[in-house]
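In what follows, every chain begins at residue 1, and chains take the letters A, B, ... in the order their sequences are listed. Quick note: numbers below take in every heavy atom, side chains included, and nothing from hydrogens, waters or symmetry partners. Keep in mind the model is a prediction, meaning the values are calculated, not measured.
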Amino acid sequence: MSRLEKYDYGEDWLSDRAVRYRKRFNVKSTGDSKCTKNPYHPDTNPNGYINLGISGNTLSSKIVAEKMEQITKNMTISPELLHYHDFRGTAELRTEVAKFLTKHTHAVSPVNADNLMVLNGCSAATAALGMVLFDPGDGVIVPSPLYNGMNESMCRMPEVQIIYADLDDKSEIPFQLTVEKLESRFKEAEKEGVKIRGLFLINPHNPTGDIYPESVLRQCLEFAKRHSLHVIVDEIYMLSVFGEDAKFTSVLSLEGLPDPQRTHMVWGFSKDFCMCGLRCGVLHSWNKHVISGLGKINNFFSVPTLVQAVLSHMLQDKTWLEENYIPTNHQLLRESHRILTEELTKLGIPHLKRSAGLYVWVNMQKYLPSISFEEELKLFEEFVENGVNISPGQSYYCRSPGWFRIVFAVPLDTLKVAIGRIGTVLENRKLSLL
Amino acid sequence: MSTAVLSKRYLRFLPDDQEEDCELIRSKPYDEKENPDGFISLETSENHLCDDLILSKFVDSKIHAMQPWMLQYCNPRGIDKLRDAVARHLSCQAKSRQPVRADDITIFNGAESVITSLMQVICDPEDGFLVPSPCYGGGMLGITNSLIRIPQVKPILVHLESRVNFEAGETRPFQLTVPRLEAAYKKAVEQGVKVKGIFLINPNNPTGEIYDCQLLKECLDFANRNSLHVVIDEIYMGTIFHPNVNFTSVLNLDHIPDPQRTHLIWGISKDFGMAGFRVGVLHTLNQSIHKGLEYLAYFHNISASTQNMLAEFLSDADWVKNVFFPANHQRLRESHQCMSEGLTELGIPHLQRSSGLYIWADFRLYLSAPTKEAEVKLHRQLLKAGIGIRTGEEFSCQEPGWFRIIFAHPVPILKIALKRIASVVNERRKEICGGELEMGECFGVAETSGSCQTDTTTSGEKVEDLMATLHHQLKSTDWLKENTADIWVKENPELYKEYKDAADKSKE
């Protein structure tokens, strides 16, 4: 960037790097920020914006909040909680998380607390891993559409190039991941001179809600091994698999991993435990060099000792976890999901029927005068103007225009009002398209 | 698996060599009842004297009870309540000229996160930043780590010396002066480094030095002349434990030459002994930088619940000012006195300062040679004796033999620590002098800013011993104040010329 351009932005003091960091603008942020500034409340602000654009679980958050309050009210804060702790995460929390993950991932062998690191969020964990595994300019191959947060994590501090292997709605199962798509994109990128060193997957998937079958997961890991790629698998929605017959396969449950030293997993409390605001994520790696490399930057991504103590307490209460929270959360998610998808069906809106995640991936193409990203953006703006924020597919690097992600994990009465507003916009559109 | 499969960047993250037997020693920490022979660490700059005061505020569970809104995403710059509380606290503590505004503050998970993020936003890789040394470091934390690891910024160390350059008008060891900054800046520029700023920590870590108002202004003017950013870390602002000591915060200056390039860092880790809460604060008027940081701040957020707790805590300004700080400072004074007197009795010269949680001590005489290796050897001897203190090397100190000793521990622990230091130091003394010596005998003297530390005499008749005695006697009186170098030069111009000619000749 030339000095003159910098000056025009009032950015005389910023480094070139800072200007690069700033350049990523995401269309969905206009909707998100309107909701933050003027949030809907059924009693105090019924005309506010309903946010179905940020993936968070406010449906079951009351149960979690009550549990947190109970823990913190009865907790004696000991002197150790005031001081520096092991920046890998307290031994207590890592031990509890190890036990928790061993159970819920159906791990092949008990998770070792020494292979875990606790950082202030999955985004931070991804960014930290990105710095240890990759150099600036290295490529990481990622199936699109993909949640935009990953781009933020990988493209800022690590300055990695994301190479999207575009999935589209033309395949028999829309946006289905196949390893052939990864291979062909990999070859293309190599020809373009990009050095690809990693593969990133999120499973269960955001924004589609897909759960990768075990066979697909294995094929992807074998693809990675063929090309000596590090694989980061984000399993942040592991416990948000609400479908009764749904089968989720964690990488930790796979016997005979093709390349365990290059297979790294990330999970966090944000989505599964409705606590995006607590900022606590976990990463797992069998690779001792990765763990020791992370040990040199984990002080920048630390979590307050007190928060770690509270989370340890929560995980220790197995009764609350297994008999109260998890089943109740799944039931509530199922119910909300059913209500949204039934409405979508009534409105004749095609959508992916999935059993995981906090959102539904829907196809609004029939409401677009022409299927293009410009029309998709216009429709997005109309939704926002009418008080409901749902995210346009282009903000997830989706190559097929017209798709939207709608979060359903909000209180039921709010969801119903939101559905009403969506319906109103679409009704008006229908009329104008006639 | 070889490390070649990881990034080249990872090579900057290589682990320190930590020998196995040291790990073993550290793994058995001191406990009064369970393990009285256990390892005592006086290495990490933490205040262990005020836990009860802080915890007394959390007895009311309303402060730390989790509320539903805390579970959701919050403002990545920090919740308004905390930024307001910090703004009010800083306005009071720093005696700011204008009330501090919450809008000029961003919260991070610790001061290191502030530094590393700020560096990414104002510097490009390979840019340089002037850092007076010795500078804060220790373990894997420290200013050089925060500059190098993620931002890839080159610390341009401005080495300060224990030797006082009287001719240049210096009066104290390790004194920061603008000529030293200028010389380092010029050299870096000649070497083709793009120097972007200066990092200052005031009160200083590891020396405990407090920069006076005049020096601060001179540093800011120097920075302004060269369009440099100034990052001032005032994280030890609240650890000034002697009353009536003058401290000037950058917020208190009546005129800042370049406010858009002047940035303040603060945190609760040291002033309040709450390093486990992970809160660092950036204050700058430069909104462009705040905006630039928004994209990074998200990766350095802490839980809304912790922010809320801290906001409640700071909001009781009356308790902070009239209960916490007086009690905390009293305890710091007592511990400091215990450690300082103990070191003096052992014949270990040290800087006597009025701030910080540590003492910068001179063990040069106990090294087998004036080398880094000898410093490491002494460090290991101390470790084996069950006492851990950080070497000067960890603070990028050019002169081997200086160590930083944390004193912010209860007096009984300090006394045990001193006994262990004594065992090593006495052993070394025997090895050096080949015989028994009286305790309290002193081979040399370190600069102090106040009264004489020991009533020392030397029994040796070497010239060095006599010089040391003279030096010590000079320091302990007002003779130097009344007989400055300038005055002597005016009164003895011929002698000065002869001295200067001889000095110049010896340099050739």
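Between A/R197 and A/D138, at least one side-chain nitrogen of the basic residue sits less than 4.0 Å from a carboxylate oxygen of the acidic one, meeting the salt-bridge criterion. Salt bridge annotation for A/D16-A/R20: absent, with no cationic side-chain nitrogen under 4.0 angstrom from a carboxylate oxygen.
Annotation: maximal heavy-atom pairing with chain A below 4.5 Å, among B/A275, B/S305, B/S227, occurs at B/A275. Ranked by heavy-atom pairs under 4.5 Å with chain A, the first of B/G280, B/S146, B/G110 is B/S146. Chosen from B/L55, B/T306, B/I54, the residue pairing most often with chain A at heavy-atom distances under 4.5 Å is B/L55. Residue with the most contacts toward chain B among A/A65, A/S270, A/C276: A/C276 (heavy-atom pairs, distance under 4.5 Å). Ranked by non-hydrogen atom pairs under 4.5 Å with chain B, the options A/S123, A/C280, A/S228, A/S61 are led by A/S123.
Proximity to chain B (any heavy atom under 4.5 Å) is restricted, for A/L81, to the backbone atoms N, CA, C and O. For B/N75, no part lies near chain A; criterion is any non-hydrogen pair under 4.5 Å. Looking at A/S153, both its backbone and its side chain come within 4.5 Å of chain B, counting heavy atoms on both sides.
Residues meeting the side-chain contact (heavy atoms from CB on, under 4.5 Å) test with B/D51, sequence neighbours left out: A/P79, A/L82, A/H83.
With no hydrogens or angles considered, no side-chain donor-acceptor pair links A/N120 and B/N301 at under 3.5 Å. Of the N and O atoms on the side chains of A/S78 and A/E80, at least one donor lies less than 3.5 Å from an acceptor on the other residue.
Considering all non-hydrogen atoms of both residues, B/P76 and B/A297 come closest at O-CB, 3.6 Å.
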